[in-house]
**Q** 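Here it is, the structure, as structure tokens.
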Amino acid sequence: MPPHRSLTRERVLEAAIEVADRGGVEAMTMRRVAQHLGVEAMSLYHHVPNKDAILDGVVDAVFAAIELPGAETGDWREAIRVRASSARAVLSRHSWALGLVDSRRNPGPATLRHHDAVLGVLRRAGFTLPMAVHAVSLIDSYIGGFVLQEANLPGGDEVADDILEHLPPGEFPYLAEVITGHAQRPGYDHTSEFDYGLDLILEGLEARRE
């Protein structure tokens, strides 16, 4: 990649994200980021003091890309649903960030703004403080787990066909039923399970809120 005329902190972080998207978080070294930008590694230190600063910065950039739940809506479930769907989409593009988002000790402004907005929706909806914390933990664990599953789940109808082909006849009837009666049906899309599970969580939280 040709070097930018003016190297900035934002450009360094963009390059770091691009490097991680290709090679994972372990590829996000000062040397690799500099190579991606077409500059010497020492040039980066004018904008970020060390790798920890890059990690903090890319996590904040990930949170900045997630849509904040709207404070103007009166339906807390819809606000959280929009935020959850956006978080899933962003983390699916940057699945390497799953291991970073909760590990950094220096949250940036976008990270703080994001968490404050989510808690604000829940508190204004009448959740007690402990219940709001429980809700955030549950929802974020679900999003992270689903994204991780999607990232590692083999796709395509041929996978279900292959599993069914190797099942001993009559030995695993319920697995066979799931494949033939569900996974192989026209229009089936595993990713639609996200909305179903999220709705169950939100309904359960609503019951506890009341």
**Q** Using 0.5 Å steps for rounding, measure from the CG atom of D102 to the OG atom of S141.
**A**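 Rounded to the nearest 0.5 Å, the CG-OG separation comes out at 8.0 Å.
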**Q** Return each pair, listed once, that meets salt bridge (Lys or Arg N to Asp or Glu O under 4.0 Å) where at least one residue sits in residues 29-48; pairs must be two or more places apart or across chains.
**A**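 Residue pairs with at least one partner in residues 29-48: there are none.
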**Q** Using salt bridge (Lys or Arg N to Asp or Glu O under 4.0 Å) as the criterion, list what pairs up with E67, not counting sequence neighbours.
**A**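 Result, salt bridge (Lys or Arg N to Asp or Glu O under 4.0 Å) vs E67: none returned.
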**Q** Please enumerate all residues that pass side-chain contact (heavy atoms from CB on, under 4.5 Å) together with S92, with sequence neighbours excluded.
**A**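 S92: side-chain contact (heavy atoms from CB on, under 4.5 Å) contacts with R88, V147, E150.
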**Q** Decide whether L129 and L112 are clustered together by the hydrophobic rule: side chain heavy atoms of Ile, Leu, Val, Met, Phe, Trp, Tyr closer than 4.5 Å, transitively.
**A**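 Shared cluster, no.
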**Q** Walk me through it: do W96 and E26 pass the test side-chain contact (heavy atoms from CB on, under 4.5 Å)?
**A** CA-CA 9 Å; W96 50 265; E26 62 277 359; over 6 Å; no
**Q** For H46, which residues count as a side-chain contact (heavy atoms from CB on, under 4.5 Å) partner, sequence neighbours excluded?
**A**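 Residues passing side-chain contact (heavy atoms from CB on, under 4.5 Å) with H46: none at all.
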**Q** Could you name each residue pair satisfying ring pair (Phe, Tyr, Trp, His ring centres under 6.0 Å) that touches residues 6-34, not counting sequence neighbours?
**A**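 Pairs touching residues 6-34 that pass the test: none.
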**Q** Cluster question for you: counting only ILVMFWY and a side-chain heavy-atom cut-off of under 4.5 Å, with indirect links fine, are V178 and Y174 together?
**A**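 Not linked; separate clusters.
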**Q** With the side chain counted from C-beta on, respond yes when I143 and R83 share a heavy-atom pair under 4.5 Å apart, and no when they do not.
**A**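 Yes, side chains in contact.
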**Q** Answer whether the closest heavy-atom distance between the side chains of L7 and L44 falls below 4.5 Å.
**A**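 L7 vs L44: side chains touch.
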**Q** Table please: side-chain donor-acceptor pairs of residues 48-64 below 3.5 Å, with sequence neighbours left out.
**A**
from: N50; atom 1: OD1; to: D52; atom 2: N; distance (Å): 3.2
from: N50; atom 1: OD1; to: A53; atom 2: N; distance (Å): 2.9
from: D52; atom 1: OD1; to: R104; atom 2: NH2; distance (Å): 3.1
from: D56; atom 1: OD1; to: R104; atom 2: NE; distance (Å): 2.8
from: D56; atom 1: OD1; to: R104; atom 2: NH2; distance (Å): 3.3
from: D60; atom 1: OD1; to: A110; atom 2: N; distance (Å): 3.1
from: D60; atom 1: OD1; to: T111; atom 2: N; distance (Å): 2.7
from: D60; atom 1: OD1; to: T111; atom 2: OG1; distance (Å): 2.7
from: D60; atom 1: OD2; to: A110; atom 2: N; distance (Å): 3.3

**Q** With under 30° as parallel and over 60° as perpendicular, where do the rings of W76 and F127 fit, or are they tilted in between?
**A**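 W76 vs F127 ring planes: perpendicular.
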**Q** Please give me the minimum heavy-atom distance between L167 and F172, naming the atom from each residue.
**A**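 Looks like CD2-CD1, 3.8 Å.
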**Q** My understanding is that only residues two or more places apart in sequence, or in another chain, count here; which of them pass side-chain contact (heavy atoms from CB on, under 4.5 Å) with L119?
**A**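 So L119 forms a side-chain contact (heavy atoms from CB on, under 4.5 Å) with A132, V136.
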**Q** Does V90 belong to the same Ile/Leu/Val/Met/Phe/Trp/Tyr cluster as L68, with side-chain heavy atoms less than 4.5 Å apart forming each link?
**A**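 Different clusters.
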**Q** Got a donor-acceptor contact below 3.5 angstrom from the Y142 side chain to the A84 backbone?
**A**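 Absent.
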**Q** Who else is in L200's hydrophobic cluster (ILVMFWY, side-chain heavy atoms under 4.5 Å, direct or via others)?
**A**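 Taking Ile, Leu, Val, Met, Phe, Trp and Tyr as members, L200 shares its hydrophobic cluster with Y196.
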**Q** With sequence neighbours left out, what residues match D199 under side chain to side chain donor-acceptor pair (under 3.5 Å)?
**A**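 Residues passing side chain to side chain donor-acceptor pair (under 3.5 Å) with D199: R81.
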**Q** Side chains of H94 and D21, heavy atoms from C-beta outward: is any pair under 4.5 Å?
**A**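 Answer yes - side chains close enough.
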**Q** Quick one: do S95 and L148 satisfy side-chain contact (heavy atoms from CB on, under 4.5 Å)? Show the steps, please.
**A** CA-CA 7 Å; S95 57; L148 187 62; over 6 Å; no
**Q** Mind checking side chain to side chain donor-acceptor pair (under 3.5 Å) for E203 and listing every partner two or more places apart, or none if nothing turns up?
**A**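 Applying side chain to side chain donor-acceptor pair (under 3.5 Å) to E203 gives none.
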**Q** Under 4.5 Å between side-chain heavy atoms, hopping through other hydrophobics if needed: is there a path connecting V82 to L91?
**A**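 No; tracing contacts between hydrophobic side chains, which count when under 4.5 Å, never links both residues.
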**Q** Atom CZ of R113 and atom CD1 of I66: how far apart are they, to the nearest 0.5 Å?
**A**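 Output value for this atom pair is 13.0 Å.
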**Q** Can you tell me how far the CD1 atom of I139 sits from the CG atom of L205, to the nearest 0.5 Å?
**A**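 The CG atom of L205 is 5.5 Å from CD1 of I139, to the nearest 0.5 Å.
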**Q** Are V133 and L122 connected in a single hydrophobic cluster, I mean Ile/Leu/Val/Met/Phe/Trp/Tyr linked by side-chain heavy atoms less than 4.5 Å apart?
**A**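 Result: no, two separate clusters.
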**Q** Does the side chain of R208 reach to within under 4.5 Å of the side chain of M131, using non-hydrogen atoms?
**A**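 Yes, side chains in contact.
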**Q** For the NE2 atom of H134 and the OG1 atom of T128, what is their distance to the nearest 0.5 Å?
**A**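 Between atom NE2 of H134 and atom OG1 of T128 there are 7.5 Å.
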**Q** Partners of A15 by side-chain contact (heavy atoms from CB on, under 4.5 Å), sequence neighbours excluded?
**A**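 Partners of A15 under the side-chain contact (heavy atoms from CB on, under 4.5 Å) test: R11, V33, H36, L37.
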**Q** Would you please test D116 and R123 for salt bridge (Lys or Arg N to Asp or Glu O under 4.0 Å) and show each step?
**A** CA-CA 10 Å; D116 190 71; R123 293 290 282 141; over 6 Å; no
